[in-house]
Amino acid sequence: MRILVQFLAENVRWWTRRVGPIVVAALLIFPALASDSTQVLLLSGKIVNPAGAALPGCVLSVVSSFGRSAPTFSQGDGSFQLEVALPPGSSPAASSTPFLEVYWNKELMYRQPVASLTIESALPKSQTASGPTDWANLLHDGGRVEVKPIRLGR
């Protein structure tokens with residue numbers, strides 16, 4: 001019994017010295033990370049060819065300093081919908097500008113800053129009565145935005 005108590009005491013000391021600081025750090029860090037609410041921008045639109053016909057099967061994603069969004073495919077009618085996570089406190093500064101990328105058969109066909117897309121309709125997350133609906137607000141606060149059709153090809 002004495003050997004078992006001594007063995008347990010040594011293991012408890014080892015765990016306390018080795019794992020204890022990690023657990024304390026995690027408990028301090030995770031609430032701080034959780035308080036930085038990540039905003040989401042729901043981006044939708046259509047991918048068309050130069051004649052305006054739908055282009056189904058294109059792979060779309062948004063790339064920013066926060067990473068790459070989950071890719072999505074354009075549907076049979078060319079429509080797409082992407083959820084884009086925006087970094088907390090994000091701004092449309094040049095270094096953090098998100099880009100929309102469109103691939104067709106593994107070939108990059110389109111890469112433009114999201115803020116250069118023409119807004120067809122938008123609903124910012126924090127709707128203000130007098131505030132304009134522009135990319136600066138959308139990229140900071142999130143919300144829903146539908147863009148005019150994106151033409152691929154020549």
Side-chain angles (χ1 to χ4, degrees), residues 15-154:
W15 274 95
T16 304
R17 277 185 266 134
R18 302 276 194 251
V19 179
I22 295 171
V23 171
V24 170
L27 291 173
L28 293 173
I29 291 173
F30 287 127
L33 291 177
S35 67
D36 288 337
S37 60
T38 301
Q39 301 295 339
V40 175
L41 178 68
L42 186 60
L43 182 66
S44 62
K46 255 185 160 178
I47 302 295
V48 297
N49 68 14
L55 287 175
C58 294
V59 179
L60 296 98
S61 63
V62 172
V63 181
S64 71
S65 61
F66 202 51
R68 182 179 293 274
S69 70
T72 189
F73 288 92
S74 58
Q75 302 301 310
D77 62 352
S79 66
F80 68 89
Q81 189 169 1
L82 274 169
E83 282 189 8
V84 181
L86 302 169
S90 63
S91 67
S95 63
S96 64
T97 300
F99 286 85
L100 175 67
E101 292 185 346
V102 180
Y103 289 85
W104 175 254
N105 290 334
K106 298 182 182 179
E107 183 180 343
L108 179 63
M109 299 296 292
Y110 182 88
R111 185 174 198 268
Q112 293 293 324
V114 170
S116 71
L117 301 173
T118 306
I119 297 173
E120 189 158 300
S121 65
L123 180 60
K125 186 174 181 182
S126 57
Q127 181 77 25
T128 58
S130 61
T133 302
D134 59 8
W135 281 113
N137 291 334
L138 290 164
L139 291 173
H140 183 267
D141 296 330
R144 297 175 169 266
V145 62
E146 183 173 349
V147 296
K148 294 213 178 204
I150 298 167
R151 297 189 185 278
L152 298 185
R154 294 174 181 36

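For reference, positions follow the sequence shown, starting with 1.
Applying the side-chain hydrogen bond (donor to acceptor under 3.5 Å, both in side chains) test to Arg151 and every residue at least two apart in sequence or in another chain returns nothing. The salt bridge (charged side-chain N to carboxylate O under 4.0 Å, His left out) check on Arg144 picks up nothing, with sequence neighbours excluded. Residues satisfying the side-chain contact (heavy atoms from CB on, under 4.5 Å) criterion with Ser121, sequence neighbours excluded, are Glu146. Residues forming a side-chain contact (heavy atoms from CB on, under 4.5 Å) with Pro113 (at least two apart in sequence, or on another chain): Thr97, Phe99, Ser116. Contacts of Val59 classified as side-chain contact (heavy atoms from CB on, under 4.5 Å), with partners at least two apart in sequence or in another chain: Pro71, Phe73, Tyr103. Remark: Thr72 engages no residue in a side-chain hydrogen bond (donor to acceptor under 3.5 Å, both in side chains) (not counting sequence neighbours).
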Cys58 vs Leu152, test: side-chain contact (heavy atoms from CB on, under 4.5 Å). Steps then yes/no. CA-CA 10 Å; Cys58 294; Leu152 298 185; 4.0 Å; yes
Could you walk me through whether Leu42 and Leu82 pass side-chain contact (heavy atoms from CB on, under 4.5 Å), step by step? CA-CA 6 Å; Leu42 186 60; Leu82 274 169; over 6 Å; no
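Considering only heavy atoms from C-beta on, Leu100 comes within 4.5 Å of Ile150 through its side chain. By the 4.5 Å heavy-atom criterion applied to side chains, Trp135 and Val145 are counted as neighbours. Residues Glu101 and Leu108 meet the side-chain proximity criterion, which asks for heavy atoms closer than 4.5 Å. Contact of the Val147 side chain with the Thr118 side chain is not registered, since no non-hydrogen atoms from C-beta on lie closer than 4.5 Å.
Of the inter-residue distances, the one linking Ser79 atom OG with Leu55 atom CG reads 12.0 Å to the nearest 0.5 angstrom. Distance OG/Ser61 to CG/Leu43: 11.0 Å, rounded to 0.5 Å.
The main-chain N or O of Gly57 is found under 3.5 Å from a side-chain atom of Ser74 such that the two form a donor-acceptor pair.
Annotation: Glu83, atom CD; neighbour count of heavy atoms from other residues, nucleotides and ligands within 6.0 Å does not exceed 12.
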